[in-house]
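What follows is one structure encoded as structure tokens, with my remarks underneath.
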Protein chains: 2
Amino acid sequence: MPKLGMEPVRRKALVDAALRVIGDHGSLSVTMSEIARQAGVSPALAHHYFGSKEQLLIETVRFLLKQLRDDAVAALKAAHTPREKLSAVIRVSFQADQFAPQTIAAWLAFYAEAQRSEETRRFLVIYARRLRSNLLASLKALGPADAAERIAEGAAAMIDGLYIRQSLKSAPISIEASISLTEDYINSALAAFPKGQNQ
Amino acid sequence: MPKLGMEPVRRKALVDAALRVIGDHGSLSVTMSEIARQAGVSPALAHHYFGSKEQLLIETVRFLLKQLRDDAVAALKAAHTPREKLSAVIRVSFQADQFAPQTIAAWLAFYAEAQRSEETRRFLVIYARRLRSNLLASLKALGPADAAERIAEGAAAMIDGLYIRQSLKSAPISIEASISLTEDYINSALAAFPKGQNQ
DNA sequence: TTTTATTGATTGATCAGTCAATCAAAATTA
DNA sequence: TAATTTTGATTGACTGATCAATCAATAAAA
């Protein structure tokens, strides 16, 4: 069966499988065997390409992050005014695929892992910074710099909080409700500064 | 050595130890041996009193939750006006001991565990509901019911989000900044309804 | 023939959970 | 009170299962 150039194919399949297994299982305590089985290869092959479980996991967060970044870049490009860009950033955070229970479970598992794995933590810090700075860039055009900083901080926290709370699956808040809650926060926080082309 | 009445003493010691070990390790993947060692007893004794690791872990969340509830009850009793009660609830969420890295790590680990353990999930749902309803009770005295619902949802999310973001330990926000961010949100959200004895 | 892909079989380590045995306080009996 | 029995507390040693990681072997391209 060995065709050449399998490496990238298998790597992708294994990362996808890892994401699925982690999402279903709701934890990083998943076995290489299970991931490999999902990817349709032997556990030994997973080790062959990734060296260790930890490395595969790290590639998996990296992938999760890349997806989100690509979506954010695309959404920001489509938006033009600062206010539109703000809404675009919020919308991406609550996209349907990001809101899928398995995706939420995977993010949560990686958050927990970040307490132990310095490398995982680094990736999540990048995510947190990016969300904050995406918000901040637009907010600075809509209000004074110091207020913008605070609002960005608050909005990022609210987004993450809505996301986390979703993981408990009790009284789940819809995508639209989550978006409008965040938008409302920004609107009322910005209401004190009617200088920019607010709303 | 066997004195009578050791059971409650050992149970408490083991739960305390579990909390410490989980907090330090930043994960629920800790061994019974490690927990028992911290508590100064043999692993066998931990099994003797708790039956299983899962059960010990569940008692541990329960304890974490009870602490928070007791603090909230005390703080609410000391506050009198709705606005004071609101601030009390917020303050308790960001108390120093709740903000300690180990405590945050433990909460996070349990959030992840909730994806797998129905019982753990139930406890966290109780926490989430309680936070929301504590906020809601006071907010209803300060604005119309439907707005109160939304603000409670938003504030609870912001609190959880600030908490989670703290776990990444990058650009950590101080206790005071977290509190004032949440207070500001409530104030500006409430600003539209100058009916109650707002602020 | 060399290189790449792939696996089955195996190893070594780690752990949760069990169990039989010990020890000493408390209760009971003489 | 002294002797004896019972009971709770405690552990060391063991077991069975699970898993990450390794490796030697095979098969098919190039």
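Values reported hereafter were calculated over all heavy atoms of this structure, with side chains retained and with hydrogens, waters and symmetry mates removed. Letters go in sequence order (proteins before strands), and every chain restarts at 1.
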Considering every strand and a 4.0 Å limit on heavy-atom distances, what is the contact class for B/Val30: base, sugar-phosphate, or nothing? sugar-phosphate
Under 4.0 Å between a side-chain N/O of B/Tyr49 and OP1 or OP2 of D/dG8, yes or no? no
Within less than 4.0 Å of OP1 or OP2 of D/dG8, is there a side-chain N or O belonging to B/Arg10? no
Measure from the side-chain heavy atoms of [X] and tell me the nearest of [options].
X	options	result
B/Thr31	D/dT22, D/dT11, C/dC15	C/dC15
A/Ala44	D/dC23, C/dG17, C/dT6	D/dC23
A/Lys53	C/dG8, D/dG12, D/dA21	D/dA21
B/Glu7	D/dA9, C/dC19, C/dT7	D/dA9

Is the shortest heavy-atom distance from the side chain of A/Leu86 to the side chain of A/Leu142 under 4.5 Å? yes
Residue pair B/Gln115 / A/Ser27, side-chain heavy-atom distance below 4.5 Å: no
Taking atom [atom2] of [N] as reference, at what distance in whole Å does atom [atom1] of [X] sit?
X	N	atom1	atom2	answer
A/Phe50	D/dC19	CZ	P	20 Å
B/His25	C/dC15	NE2	P	8 Å
A/Leu14	C/dT7	CG	P	10 Å
A/Ile35	D/dA21	CD1	P	11 Å
B/Arg11	D/dA9	CZ	C1'	14 Å
A/Met32	C/dT14	CE	P	18 Å
A/Met6	D/dA27	CE	P	19 Å
B/Leu28	C/dA16	CG	P	12 Å

Regarding A/Glu59 and A/Lys66, does a basic nitrogen lie under 4.0 Å from an acidic carboxylate oxygen? no
Using the closest heavy atom to pick a nucleotide of DNA chain D for each, name whichever of B/Leu45 or A/His47 lands nearer the 5' end. B/Leu45
Restricting to non-hydrogen atoms, name the atom on B/Leu139 and the atom on B/Ala152 that form the minimum distance, rounded to 0.1 Å. CD1-N, 3.5 Å
Parallel, tilted or perpendicular: which describes the rings of B/Tyr127 and B/Trp107, with under 30° parallel and over 60° perpendicular? tilted
